[in-house]
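To find a chain, count down the sequence lines: A is the first, B the second, and so on, and within it residues start at 1.
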Amino acid sequence: MTDEKNRYKQTVLLPRTDFPMKADLATREPARRKKWEEMKLYDLIRAARKGAKPWVLHDGPPYANGDAHTGTGMNKILKDIVVKFRTMQGFDSPYVPGWDCHGLPIEHKVLADLGGVKPPNMTVLELRQRCLDYAHGFIDKQRNQFKSTGTLGRWERPYLTIDPAYEANVLQVFASLHERGYITRAKRPVHWSWAAQSALAEAELEYEDRQDPSVYVRFPVSTCGKECKFREIVEARPDREEIWGTLALLIWTTTPWTLPANVAVAASQGAEYVLVRYERDGKREHMVLAQALLSRVAEKAKLQNVNVLEVFSGADLKGVGYSHPFLETACPVVFADYVTLEDGTGLVHTAPGHGKEDFETGKREKLPVVCPIDEAGKFFTGDRLKKELQLSPAFEDTRGWLKMLEGQNVLKANPLIVNKLREEGWLLHTENIQHSYPHCWRTHAPVIFRVTEQWFVQIDHVDPDKAMNPQGKTLRARLLDAIHATKWFPAWGENRISAMIENRPDWCVSRQRYWGIPIPAFRVKETGEVVLTRETNKRVVELVRQHGSNVWFDDVNWPAEKLLPPEVAAKYKGKTLEKMGDIFDVWFEAGSSFQAVMREDAELKDKFPANMYLEGDDQHRGWFQVSLILSVATTGVSPFKHCLTCAFVVDEKGEKGSKSKGNMWPIDQGCKDLGADLIRYYFASLDTSSPVPVTYKLIQAAGDGYRKVRNTFRALAGNLFDFDPARHAVTPDKLQQLDRWVLSRADALIAAVTAAVDRYEFHVALREITQFCNVTLSAQYIDVCKDVLYCEAADSPKRRSAQTACWAVAGLLVRMLAPVLVHTSDEMWEFLPKAPGDPQSVHLASWPSSGDGQRHIDLDLERRFDLTFKVKAEADRVLDRMRKEGKVGKGYDTIVTLGAKPDLLAELASLGVERLAEYFNVSGVILGDAMHHAAAEGYEPAVDVQGLFVKVVPSADRACVRCYRRTGDVGNSASHPELCGRCAAAVGDSV
RNA sequence: GCGCCGGUAGCUCAGCUGGUUAGAGCACACGCCUGAUAAGCGUGAGGUCGGCGGUUCGAGUCCGCCCCGGCGCACCA
């Protein structure tokens, strides 16, 4: 028997392939990437798609600092998946990566290495050179890290925001905005980071919890105007003398350091206010506050004998004046509609120098703007302090307030002010409160509001250009139109960014730093006049294009007069023009990439607007928004057609990745340890629109899916060792029905996967593929057609038909996996028999489309196979029980008898009764009649198929030693007495 | 405080416009095979579909309220 087996073993066509089962990604991936570099795969792809319809994903520049960690790595991987998919679809889809190279983080790092501040003997140019070197170092580092993910692109020629050409384009965008009237220079309160010593934009703020003193302060009422209702109310009382003597407005604030800048108290016209008498520390006092807040305040401050003397409307306070409690200036009560009765006292401390709403109120009421804080967040000193506080020169600091404040940091000033207020009796109550407060995103220091003169992009400006803005809409309105015309993935992105645009203030684009692109404005030293014209812009753009933005900082070689066009220089003859010191918000630079890259790069300039921007969803506030603003203002359209966002990566506990927590690792380290393809597979397998947990353990767990796909392919490829599509492929009409069925399923798979990827739902696509590999291929198709592939004669029509299907399925699987498993699929490609004209790399191949070649969807066939496999499951259930009872072993040792209603049996029989045994992996299937078999011995009812009864019995026939089946005709062949008829014929006289 | 998204088997998730016993993969248990073999196949157990109430002949699926998690906006004086 054993000899017989050995005799025939060699005639069985077992799968053969060198495609390894073990992926060994750690060593194979780098080798493959090296190969791609040597063959210049990216260039080959570009050449192959030259002239095709463009589809461009424009890269958002990561910041050239630190490691590329898992989050940035995921971003690059998702981009690469999209680009590879579009490329395979036949689009010309170049990928030009970029880096954001200017800005505070680098400047900070460089300064920190220098001891915190710029050494006095170091020139700005020298400092900038250090920043430049620093940036370049990280570009090289990150480039290698990104490349380790298998991402293809124009890595050797990325775009950098420090390139002179890029810088010139940023200035060009600014010049265009200026020409169109969007730019203004104005004194306004801006978010100011005293730690970074610079203004900040909305996108540079992070809200963090912090504790601040909450103080209730008495502002003594001094004068009341002639027409003042409140005055009449008090005057009408017999105890008016006593009231006037100790009367105060009660205000509330959580920023005591802004009290020196107080110039008014704002009340609500409509609210009810009260005049209250109370006792505190045994003293009787009077105050005014909102009625609704009295009880809370009285309780907090533990006031005694509280008596409401009068109730009146807020409007009655018109004309009331008070004396600043320590600066003794005369200040008015004003009205503002933002005064609410939720917190505080209903009387709002108003400091136009330190608050946006206060500033607006101040503007309306013509209040002075007081801002005694310098750029480092400290009170000015000496006469400067007096001047900024707008005190009269005669003011004598007899109580020591100015002395106390001089040079104090705002936060340190808080307790000092509170203490002195208490000492002097102005403080009614204080406590600490926890609230969230804006912080500088880089230094994490709390931000303050500070009035300064800055450059702004006016969001409500109406562009006069009729061609671009025919309806005369504001930029804000046009931005909202552009947002609506853009497709957002996921869809809620549209609401999110619309809400931001609807509410956002003008964009403060100036920063008071060194490492950036200068705002090209000049100032007349003698008069303070600011000079910024079309001509000066043009000249500076040109010079920066030629020499880089250093011209602005190089006073030796590039004094102001050399940067000025001759006619402007002539106009100001006799006066001194100097370069102003502001640079651009880095967001302005990154936001100009649509111009500097998409509209200028030789390879991309005809492809604007980009088809896609793809970044983390925090970029709604950041890059997407600034890019939209700048593009819509200067070109009239959104710079992107699709906007896809992904969420942050988190650790297993759902916490954001951060270096300090140690839950982040460089992406190249992960690729080395786990395999880039496995990481890519992991990212593609889940919904990246909600937070993505990333740990080694989770990614390793995804290896199960990866291995299944790999092994399924290996099985297909292994059965194609003697298959040459050109010679052996079977025409569609000659395909066996099982093969037609799998190809029909494959076609449906293509449709589903393509639709999912088109919506950028990679996890849906991958799930479809995994499911297909697990169920359709591994458990159903391959398991069934093994017999044909192994045991039929090599060149038999049945076997060639199966091989044709395996080949087609393997081919489309490999292609559909290519965008995700960039290395593995390319490796698979090498083991796949090629048709004439197939490219050398899968990345040069095209995406499969349904209806290609032999495939077409046959729903009728699918329905019948569905039923067949469903019934097979019923037989398996019975078979399994019998196995556990020790009655049978493998399926081929059994005969299955099915009893059912005639229509069900007819449906089953329609695929061919003789085929059912094959599909069931048993030696025989007999179709009976339910009416007779239902109650008969040995039959049991099916669980999931109504009206079906199943009986499984061991077969009495001999097993063929070659194919193990018991077909009843074993021994019929004289030359092969141990074989069944089929095998005897297949073997012939070969052995 | 306002808004958005999510809460379905131990884990990761599917469940479209409401319709028969809620699915898949992994993990687990039990078997088979040893001709995909550091593979393959089969069977099984496991879920009050976050909670409560409502609409409906019928709800995981629609509505309301609540709880939990994530995020965004406003955070004000």
Review point. Under a 3.5 Å cut-off for both distances, is B:A24 Watson-Crick or wobble paired, and to whom?
Key: B:U12

Check your understanding: Taking the C1' atom of each, how far is B:A22 from B:C65, in whole Å?
Key -> 26 Å

Exercise for review: Scan A:Ala779 against the nucleic acid and name what it touches under 4.0 Å (heavy atoms): base, sugar-phosphate only, or nothing.
Suggested key: sugar-phosphate

Review point. How far, in whole Å, is B:U21 from B:G47 if one measures between their C1' atoms?
Key: 14 Å

Point to revise | Side-chain N,O (A:Ser690) to OP1/OP2 (B:G70) below 4.0 Å | key: no

Review point. Roughly how far, to the nearest 0.5 Å, is the CH2 atom of A:Trp492 from the OG1 atom of A:Thr645?
Key: 4.5 Å

Exercise for review: Establish whether the base of B:A36 is bridged to the side chain of A:Thr17 by a donor-acceptor pair shorter than 3.5 Å.
Suggested key: no

Exercise for review: Take the protein atom CG of A:Leu879 and the nucleotide atom C1' of B:G31, then report the distance between them rounded to whole Å.
Suggested key: 11 Å

Study note, to complete from the structure: Per atom distances to the A:Asp704 side chain, the nearest of B:C26, B:G42, B:G25 is B:C26

Check your understanding: Taking the side chain of A:Lys786 as its heavy atoms from C-beta onward, which of B:C32, B:G40, B:A14 lies nearest to it?
Key -> B:G40

Revision key, fill the gap. Rounded to whole Å, CG of A:Asp617 lies from P of B:C73 at a distance of 10 Å

Practice item. Please determine, for B:G72, whether a Watson-Crick or G-U wobble partner exists with both distances under 3.5 Å, and give it or none. Key: B:C2

Check your understanding: What are the two closest non-hydrogen atoms of A:Leu879 and A:Gly891, and how far apart are they?
Key -> CD2-CA, 4.1 Å

Practice item. Pick the P atom in B:U20 and in B:G64, then give their distance to the nearest Å. Key: 25 Å

**Study point:** Rounded P spacing from B:C68 to B:C57 in Å
**Key:** 35 Å

Check your understanding: With respect to the side chain of A:Arg877, which nucleotide from B:A36, B:U43, B:A77 is positioned closest?
Key -> B:U43

Point to revise | A:Leu25 vs A:Tyr706 side-chain heavy atoms within contact, under 4.5 Å | key: yes

Practice item. Let me know, please, whether A:Asn503 or A:Trp252 comes out on the 5' side of the other along RNA chain B by nearest nucleotide. Key: A:Asn503

Practice item. Assert yes or no for the condition that the ring centre distance of A:Tyr964 to A:Tyr892 is strictly below 6.0 Å. Key: no

Check your understanding: Any side-chain N or O of A:Tyr790 under 4.0 Å from OP1/OP2 of B:A36?
Key -> yes

Exercise for review: Choose from B:A77, B:G25, B:C33 the nucleotide whose nearest atom is closest to any side-chain atom of A:Asn774.
Suggested key: B:G25

Review point. Can you tell me the Watson-Crick or wobble partner of B:C62, both distances under 3.5 angstrom?
Key: B:G54

Point to revise | Carboxylate-amine/guanidinium proximity below 4.0 Å for A:Glu918 and A:Arg965 | key: no

Practice item. Output the distance between atom SG (A:Cys440) and atom CG (A:Leu200), rounded to the nearest 0.5 Å. Key: 5.0 Å

Exercise for review: Pick the P atom in B:U8 and in B:C49, then give their distance to the nearest Å.
Suggested key: 11 Å

**Study point:** Short side-chain N/O contact to B:U37 OP1/OP2 from A:Arg714, under 4.0 Å
**Key:** yes

Exercise for review: Check every atom of B:C41, B:C26, B:A36 against the side chain of A:Met21 and return the nucleotide holding the closest atom.
Suggested key: B:A36

Check your understanding: What does A:Thr258 touch in the nucleic acid at a heavy-atom separation under 4.0 angstrom: a base, only the sugar-phosphate, or nothing?
Key -> nothing

Point to revise | Per A:Lys708 side chain, nearest of listed nucleotides B:G40, B:A36, B:G31 | key: B:G40

Point to revise | Integer angstrom distance from the C1' of B:A27 to that of B:A9 | key: 12 Å

Point to revise | A:Asp880 CG to B:C33 P, straight-line distance once rounded to whole Å | key: 12 Å

**Study point:** Who pairs with B:U34 - Watson-Crick or G-U, where each distance is under 3.5 Å
**Key:** none

Revision key, fill the gap. 5'-most contact on RNA chain B (nearest-nucleotide basis), A:Leu698 vs A:Thr712, goes to A:Leu698

Point to revise | Residue matched to B:A77 through Watson-Crick or wobble contacts both under 3.5 angstrom | key: none

Review point. A:Asp343 has a side chain; which of B:G35, B:A77, B:G72 sits nearest to it?
Key: B:A77

**Study point:** Distance in angstrom units between A:Phe721 CZ and B:A36 C1', rounded
**Key:** 13 Å

Review point. Rounded to whole angstroms, how far apart are NE2 on A:His763 and C1' on B:G6?
Key: 13 Å

Review point. Where the side chain of A:Arg496 is concerned, which of B:C71, B:G40, B:A77 is the nearest nucleotide?
Key: B:C71

**Study point:** Inter-nucleotide C1' distance (B:G46, B:C32), Å rounded
**Key:** 23 Å

Review point. From the list B:G31, B:C73, B:A27, which nucleotide is the closest neighbour of the side chain of A:Lys884?
Key: B:G31

Practice item. Using Watson-Crick or G-U wobble geometry with both distances below 3.5 Å, tell me the partner of B:U17, or none. Key: none

Review point. Which is true for A:Arg707 with a 4.0 Å heavy-atom rule: it touches a base, it touches only sugar-phosphate, or it touches nothing?
Key: nothing

Point to revise | Gap between atoms OH and P, on A:Tyr964 and B:U34 respectively (whole Å) | key: 6 Å

Review point. A:Glu761 has an atom CD; how far is it from atom P of B:C16, in whole Å?
Key: 13 Å

Exercise for review: Using the P atom as the reference point in each nucleotide, state the distance between B:C41 and B:A59 in Å, no decimals.
Suggested key: 39 Å

Check your understanding: Hey, does A:Arg881 reach any base, or is it just sugar-phosphate, or nothing, if we go heavy atoms under 4.0 Å?
Key -> nothing

Practice item. Identify whether any heavy atom of A:Arg710 sits under 4.0 Å from a base atom; if not, whether one sits that close to sugar-phosphate; answer base, sugar-phosphate or nothing. Key: nothing

**Study point:** Partner nucleotide, any strand, of B:C49 [Watson-Crick/G-U, under 3.5 Å]
**Key:** none

Exercise for review: Report yes if at least one side-chain N or O of A:Ser689 is closer than 4.0 Å to OP1 or OP2 of B:C5; otherwise report no.
Suggested key: no

**Study point:** salt bridge (Lys or Arg N to Asp or Glu O under 4.0 Å) evaluation trace for A:Arg767 with A:Glu761
**Key:** CA-CA 10 Å; A:Arg767 197 179 54 232; A:Glu761 291 172 6; over 6 Å; no

Check your understanding: A:Leu777 CG to B:C41 P: how many Å, rounded?
Key -> 11 Å

Exercise for review: Please determine if A:Arg16 forms a cation-pi arrangement with A:Phe721, meaning its NZ or CZ atom is less than 6.0 Å from the six-membered ring centre and no more than 45° off the ring axis.
Suggested key: yes

**Study point:** Residue A:Ala715, side-chain atoms from C-beta onward, closest of B:G25, B:C73, B:A36
**Key:** B:A36

Exercise for review: Can you see which heavy atom on A:Tyr437 is nearest to which on A:Ile448, and at what distance?
Suggested key: OH-CA, 4.3 Å

